[in-house]
Amino acid sequence: MKFLKVIAFTHKYIDLKDLGKFVICNETLECSLERVKQRFDIPEIFYVGTCNRVEFVFTADRILDNEFVKEFIHTLNLCIPQEQIDNFVSQVSVYEDIEALNHLLRISCSLESLVVGEKEILAQVRKAYETCRVAGFTGDYLRLVMSRVVKTAKEVYTHTGIARKPISVVSLAYRKLRELKMCTNARVLIIGAGETNKNLSKYLQKHKYSNFAIFNRTLENAKVLAEELGGKAFNLEDLKSYKEGFDVIITCTSATEPVITNDIYQSLLNGDTSKKVIVDLAVPNDTCCTVVEKNPLTFIEVHSLQEIANSNLQERYEELIFAERIIDQNIQEFKPVLKQRRVEIAMRDVPEKIKEIKDTAINRIFAQDIESMDENSREVLAKVMNYMEKKYISVPMIMAKDILINNS
């Protein structure tokens, strides 16, 4: 497990506004990961980006010192001024070996989340891994790690009360909206059709809100969400010319630059001077700071939910202890699983070698002797050879696993 590494930029040590500088947009993700993969000879890697963390999970025969992290950030080609990189390196969290696995299990069980107990993080980690797996950035090792991550998270959510009456970033945002006592026919613009907006819109729909317009970079995804909500779908570019008015904007995209500039916001207002609401759960924010500073509005963002989240952590302290026990147990269980897999990989050529020996014996060395046998004798010999082949394959594998586990 010594090759498992994690480089993490999280809300615990980095301001959420600064955290957005480490977000990689979908369009450049593959290029960014390919650069670090080649630069540092990394066999497997995947990237996780959520509203309160950006993490790189990978395998490498390297020590994660400050110099490595600095080079790693530089290779990603992020829009970070050179003079700020040293400061960010001092704020980064790095994990190696068992600590890396423990960290992955903790974040997937939401123990490290801004809001402890939110289940969305597991779905986000799985989706992030799957994206990189499909792109060819992960292999057998991280497959085993992710299987253990999912198993552990499911056990924590099933056997502890950590997610009972869950309070997630989405539900906290909705609570803030409810406090504003908006009427159910309020005009709601939803920018982005990802998981966060889907979840928040479900809360709204459940409480009878019905006037939705969905904008998304991929129109088909906007149409899917619009159909679920009974709303209208638009391409993200249509935001610039939308003139049907709004009361609330809910936005969460993976954009690295503001989606709602002051020019676009003024165009959306179309002369309306009433106070509006913006719920911005993106990191970095989708809303330009000028919009917030120069317009009468209620602005709800991830950062503003921090105080509620901290109190949530206190309420769930006892459940944290139970969850940590489950995590520790899974780490201990994973060690022999990983060792067994190493044996399987090391010995995966054994079956083919044994088949080659059998074929050589039958078709070359003893070919004439077998040919002189009657049909019944040849059938018996074939059965014996097949039986021996299976045993010669399975017995060494079992013995090797036992020796490795018992003598570790």
Side-chain angles (χ1 to χ4, degrees), residues 4 6-14 16 19-20 22-24 26 29 46-57 93 95 99-133 138 142 145-175 192 194-200 202-203 252-254 281-284 301-303 305-306 308-313 315-317 319-320 322-324 326-327 330-331:
L4 183 61
V6 178
I7 295 177
F9 306 91
T10 76
H11 64 94
K12 288 189 174 182
Y13 305 109
I14 299 177
L16 287 172
L19 190 61
F22 294 93
V23 173
I24 303 175
N26 294 334
L29 178 60
F46 74 94
Y47 158 88
V48 180
T50 74
C51 61
N52 54 53
R53 67 180 61 251
V54 170
E55 307 210 2
F56 297 88
V57 183
S93 301
Y95 305 90
E99 284 189 2
L101 178 61
N102 181 58
H103 173 73
L104 278 175
L105 297 180
R106 288 179 64 84
I107 66 169
S108 299
C109 297
S110 84
L111 272 61
E112 301 289 338
S113 293
L114 184 68
V115 181
V116 173
E118 61 171 335
K119 290 184 178 181
E120 286 92 340
I121 183 63
L122 176 59
Q124 290 168 332
V125 171
R126 291 178 76 173
K127 184 177 180 180
Y129 165 77
E130 185 63 17
T131 297
C132 292
R133 185 195 68 79
T138 67
L142 288 182
V145 170
M146 276 306 301
S147 294
R148 182 59 49 168
V149 163
V150 173
K151 174 182 179 295
T152 305
K154 286 182 176 178
E155 288 177 3
V156 167
Y157 292 135
T158 300
H159 300 300
T160 76
I162 202 165
R164 195 171 297 130
K165 296 181 180 178
I167 301 176
S168 65
V169 169
V170 170
S171 62
L172 289 177
Y174 178 69
R175 285 187 180 188
E195 205 64 35
T196 299
N197 280 355
K198 284 180 182 177
N199 291 335
L200 184 48
K202 285 176 183 175
Y203 276 101
C252 184
T253 75
S254 60
L281 300 183
V283 175
E301 59 171 336
V302 174
H303 191 72
L305 304 173
Q306 182 78 55
I308 305 172
N310 288 340
S311 112
N312 171 253
L313 180 62
E315 292 173 8
R316 295 170 189 270
Y317 180 73
E319 300 305 326
L320 280 173
F322 297 140
E324 285 168 350
I326 292 174
I327 288 172
N330 271 277
I331 289 174

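Numbering starts at 1 and runs along the sequence shown.
Smallest separation of non-hydrogen atoms from Q124 and T50: OE1-CG2, 3.4 Å. Considering all non-hydrogen atoms of both residues, A323 and V156 come closest at CB-CG1, 3.8 Å. Of all heavy-atom pairs between V6 and H103, the closest is CG1-CD2, 3.7 Å. Here the shortest heavy-atom pairing between T160 and F322 reads CG2-CB, 3.9 Å. The two atoms that bring N199 and V170 nearest to each other are C-CG1, 3.8 Å, heavy atoms only.
Taking 4.5 Å as the limit, some side-chain heavy atom of P284 sits within range of a side-chain heavy atom of V23. Residues L200 and T196 fail the side-chain proximity criterion, which asks for heavy atoms closer than 4.5 Å. M146 is listed as a side-chain neighbour of R126, based on a closest heavy-atom distance under 4.5 Å.
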Carefully, step by step, assess L101 and N330 under the rule side chain to side chain contact (heavy atoms under 4.5 Å, CB included).
-> CA-CA 10 Å; L101 178 61; N330 271 277; over 6 Å; no
Show your reasoning for whether salt bridge (Lys or Arg N to Asp or Glu O under 4.0 Å) applies to E324 and R106.
-> CA-CA 8 Å; E324 285 168 350; R106 288 179 64 84; 2.9 Å; yes
Please report the C-alpha distance between T158 and E155 in whole Å, then the side-chain angles of each, then the deciding distance to 0.1 Å, and finally whether the side chain to side chain contact (heavy atoms under 4.5 Å, CB included) criterion is met.
-> CA-CA 5 Å; T158 300; E155 288 177 3; 5.8 Å; no
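Taken from SG in C132 to CG in L142, the straight-line distance is 9.5 Å, to the nearest 0.5 Å. In this structure, CZ on F46 lies 9.0 Å from CD on E55, to the nearest 0.5 angstrom. For the atom pair S93 OG and I14 CD1, the distance stands at 7.5 Å (nearest 0.5 Å). The OG1 atom of T152 sits 11.0 Å away from the NZ atom of K154 when rounded to the nearest 0.5 Å. In this structure, the separation between CG on L122 and OG on S108 is 6.0 Å, given to the nearest 0.5 Å. Note: N102 CG to L111 CG = 9.5 Å, rounded to the nearest 0.5 Å.
Atom CD of E130 has more than 12 heavy atoms from other residues, nucleotides or ligands within 6.0 Å.
Taking the six-membered ring where the residue is Trp, Y174 and Y203 present parallel rings, their angle staying beneath 30° rather than reaching 60°.
Partner V125 forms a side-chain contact (heavy atoms from CB on, under 4.5 Å) with one of L104, V57, V48 and no other, that one being V48.
A side-chain donor-acceptor contact under 3.5 Å links Y47 to the backbone of I24.
A salt bridge does not link E112 with R53: every distance from a Lys NZ or Arg NE/NH1/NH2 to an Asp or Glu carboxylate oxygen is 4.0 Å or more.
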